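Because the structure is predicted, anything quoted here is derived from the model rather than measured. Chain A is the first sequence line, chain B the second, and so forth, proteins listed ahead of strands; every chain is numbered from 1.
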Protein chains: 2
Amino acid sequence: MNIGDVSIRSGLPVKTIRYYEDIGLVSPLRSENGYRTFQEKELHKLSFLARARSLGFTIEVCRTLLGLYDDHSRESSDVKRIANEHLEQIETKISGLETMRAALSHLIDECAGDHRPDCPILEDLGGISEH
Amino acid sequence: MNIGDVSIRSGLPVKTIRYYEDIGLVSPLRSENGYRTFQEKELHKLSFLARARSLGFTIEVCRTLLGLYDDHSRESSDVKRIANEHLEQIETKISGLETMRAALSHLIDECAGDHRPDCPILEDLGGISEH
DNA sequence: GCTTGACCCTCCACCCACTGAAACGTTTAC
DNA sequence: GTAAACGTTTCAGTGGGTGGAGGGTCAAGC
């Protein structure tokens with residue numbers, strides 16, 4: 001398989017696949033013309049990466065997970081711990097964003113949004129908080 | 001005021017303030033020894049930026065908002081539109097993260113997390129989805 | 001056999017919003 | 001006088017790619 005095929009089958013952009021080779025996540029062979037040649041195994045790795053990335057795992061954690069995937073003597077507790085740490089980070093991000101959303105939507109509700117210049121949003125940003 | 005004072009009073013790291021000067025968000029004067037000298041107005045701008053950034057506005061949007069803040073003939077509808085666009089982006093991010101959280105916590109629940117190698121998390125990433 | 005278009009290659013620069021570190025000058029407190 | 005705490009510049013790096021220039025290769029159609 002050439003890179004275009006694995007791109008379609010893994011769902012990863014061609015550029016991303018080259019980048020993943022650069023950082024040592026996959027190691028496709030090369031044919032005589034210099035084209036990358038992917039075996040099923042490499043395609044499988046790329047699909048693994050696509051899925052793990054879509055769950056928000058960082059590249060470095062993906063590298064670890066790939067290692068655990070290949071290591072048949074792993075303990076599932078190791079994987080679960082990594083996943084739990086990541087879940088916590090996701091939850092932290094969500095609550096940060098929810099705080100932003102609450103503050104912002106409150107300001108938006110207060111703002112008339114008409115042709116006049118008076119704007120509680122700018123007043124808040126400017127620190128004229130008198131309440 | 002020197003940069004350290006405005007750092008404390010605005011809540012922004014010294015490095016960030018220098019960076020904001022670099023990209024033209026603030027323009028402090030310089031005293032004879034080369035130190036940046038901040039007027040109240042510049043401090044006020046930096047506090048505005050700190051607050052806007054904490055609400056997740058990008059630097060470029062902050063630049064626009066600062067312009068609107070200074071423009072007393074602005075219309076509040078312009079500000080509200082920008083805020084609403086940003087709110088939508090926040091909500092998109094939140095729902096993306098919530099999708100991740102759901103998928104991930106489902107997998108974590110399925111995983112025994114013991115000394116055995118069997119792990120639904122890795123099975124999912126590996127694409128052995130047979131259900 | 002020649003052209004066209006779809007592939008493929010490498011290499012460099014850029015995105016965002018900082019942050020760290022090196023190497024140095026200035027001010028302040030004791 | 002000296003040490004600490006401040007200030008300065010400049011360069012490089014972060015994460016995870018993306019865009020573009022400037023080429024080489026391959027298959028199909030004429």
Side-chain angles (χ1 to χ4, degrees), chain A residues 1-38 42-43 45-46 48-66 85-86 89-90 92-93 96-97 100, chain B residues 1-38 42-43 45-46 48-66 85-86 89-90 92-93 96-97 100:
Chain A
M1 269 177 292
N2 284 343
I3 198 166
D5 306 311
V6 282
S7 168
I8 289 163
R9 292 182 60 187
S10 68
L12 291 170
V14 166
K15 281 240 156 195
T16 300
I17 297 170
R18 291 200 193 102
Y19 172 66
Y20 285 175
E21 183 188 12
D22 250 32
I23 62 174
L25 285 176
V26 286
S27 309
L29 304 170
R30 297 288 179 136
S31 53
E32 286 191 6
N33 56 16
Y35 287 18
R36 289 168 183 81
T37 301
F38 295 81
E42 298 294 316
L43 168 61
K45 268 193 185 181
L46 288 167
F48 184 105
L49 288 166
R51 174 81 178 129
R53 291 288 300 132
S54 82
L55 288 172
F57 289 104
T58 65
I59 292 283
E60 285 318 303
V61 172
C62 287
R63 202 189 294 275
T64 305
L65 289 173
L66 266 181
E85 280 166 15
H86 179 47
Q89 287 171 21
I90 288 174
T92 303
K93 267 191 201 165
L97 287 168
M100 279 184 200
Chain B
M1 268 179 293
N2 284 343
I3 198 167
D5 306 313
V6 282
S7 167
I8 288 163
R9 293 181 60 187
S10 68
L12 291 170
V14 167
K15 280 242 151 193
T16 300
I17 296 170
R18 291 203 192 99
Y19 172 67
Y20 285 176
E21 183 188 13
D22 250 34
I23 61 172
L25 285 176
V26 286
S27 308
L29 303 170
R30 296 290 178 133
S31 53
E32 286 191 3
N33 56 16
Y35 286 16
R36 289 168 183 80
T37 300
F38 296 81
E42 298 294 315
L43 168 60
K45 266 193 186 181
L46 288 168
F48 184 105
L49 287 166
R51 174 81 178 128
R53 290 289 298 132
S54 81
L55 289 173
F57 289 105
T58 65
I59 292 283
E60 284 318 303
V61 173
C62 287
R63 200 188 295 275
T64 305
L65 289 173
L66 265 181
E85 280 168 14
H86 180 47
Q89 286 171 20
I90 288 174
T92 302
K93 266 191 202 167
L97 286 169
M100 277 185 203

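- No donor-acceptor pair under 3.5 Å is formed between the side chain of A:S31 and the backbone N or O of A:G34.
- Atom CD1 of A:I17 is separated from atom P of C:dT10 by 13 Å (rounded to the nearest Å).
- Rounded to the nearest 0.5 angstrom, A:M100 CE and B:L55 CG are separated by 7.0 Å.
- The distance from atom CG of A:L65 to atom NE2 of A:H86, rounded to the nearest 0.5 Å, is 9.5 Å.
- Straight-line distance from the CD1 atom of B:I59 to the P atom of C:dC15: 14 Å, rounded to whole Å.
- Of the candidates C:dG25, D:dC26, D:dT9, C:dG25 carries the atom nearest the B:Y35 side chain, counting heavy atoms from C-beta on.
- With rounding to whole Å, A:N2 atom CG is found 12 Å from C:dA6 atom C1'.
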Report, one line per pair, each donor and acceptor closer than 3.5 Å where one atom sits in a side chain of residues 19-27 of chain A; sequence neighbours left out.
residue : atom : partner : partner atom : Å
A:E21   : OE1  : A:R30   : NH2          : 3.3
A:E21   : OE1  : A:R36   : NE           : 2.4
A:E21   : OE1  : A:R36   : NH2          : 3.2
A:E21   : OE2  : A:R30   : NH2          : 3.4

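- The nearest whole Å value for the distance from the CZ atom in A:F57 to the P atom in D:dG16 is 13 Å.
- Taking side-chain N and O atoms only, B:R36 has no distance below 4.0 Å to OP1 or OP2 of D:dG7.
- Of the candidate nucleotides D:dG7, C:dA17, C:dC9, C:dA17 has the atom nearest to the side chain of B:T58.
- Scanning residues 48-55 of chain A for heavy-atom distances under 4.0 Å to DNA chain C yields an empty list.
- Put simply, CG on A:L12 and OG on A:S7 are 7.0 Å apart, with the number rounded to the nearest 0.5 Å.
- The CD atom of A:E85 sits 10.0 Å away from atom CZ of A:F57, with the distance rounded to the nearest 0.5 Å.
- C:dG20 atom C1' lies 12 Å from atom CZ of B:R18, rounded to whole Å.
- Across every non-hydrogen atom of A:N2 and A:Y35, the tightest pair is ND2-CD2, 3.9 Å.
- Closest to the side chain of A:P13, out of D:dG24, D:dT18, D:dT9, is D:dT18.
- With rounding to whole Å, A:D22 atom CG is found 13 Å from C:dC9 atom C1'.
- The base of D:dG17 is not paired with the side chain of A:Y20 by any donor and acceptor separated by under 3.5 Å.
- A:I23 comes within 4.0 angstrom of no nucleic acid atom, judged by non-hydrogen atoms across all strands.
- When the P atom of C:dC7 is taken as reference, atom CE of A:M1 falls 16 Å away, rounded to whole Å.
- Remark: P of D:dG24 and CD of A:E32 are 19 Å apart, rounded to the nearest angstrom.
- If one axis is set at each end of the helix from C:dG1-D:dC30 to C:dC30-D:dG1 from five pairs, those axes are 20° apart, to 10°.
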Legend entry - A:R53 and A:I59: CA distance, side-chain angles, deciding distance, side chain to side chain contact (heavy atoms under 4.5 Å, CB included) verdict: CA-CA 7 Å; A:R53 291 288 300 132; A:I59 292 283; 3.8 Å; yes
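- One N or O donor and one acceptor, one from the side chain of A:K15 and one from the base of D:dG20, sit under 3.5 Å apart.
- Residue-to-nucleotide contacts include no donor-acceptor pair under 3.5 Å from the side chain of A:Y19 to the base of D:dG15.
- Atom CG of B:L46 sits about 11.0 Å away from atom CZ of B:R9, to the nearest 0.5 Å.
- Atom CD1 of A:I8 sits about 11.5 Å away from atom CD1 of A:I3, to the nearest 0.5 Å.
- Under 4.0 angstrom from either OP1 or OP2 of C:dT27 there lies at least one side-chain N or O belonging to B:N33.
- Dashed line: the shortest gap from a side-chain N or O of B:R30 to OP1 or OP2 of D:dT9 is under 4.0 Å.
- Taking 4.0 angstrom as the limit, B:T16 places a side-chain polar atom (N or O) nearer than this to OP1 or OP2 of C:dT19.
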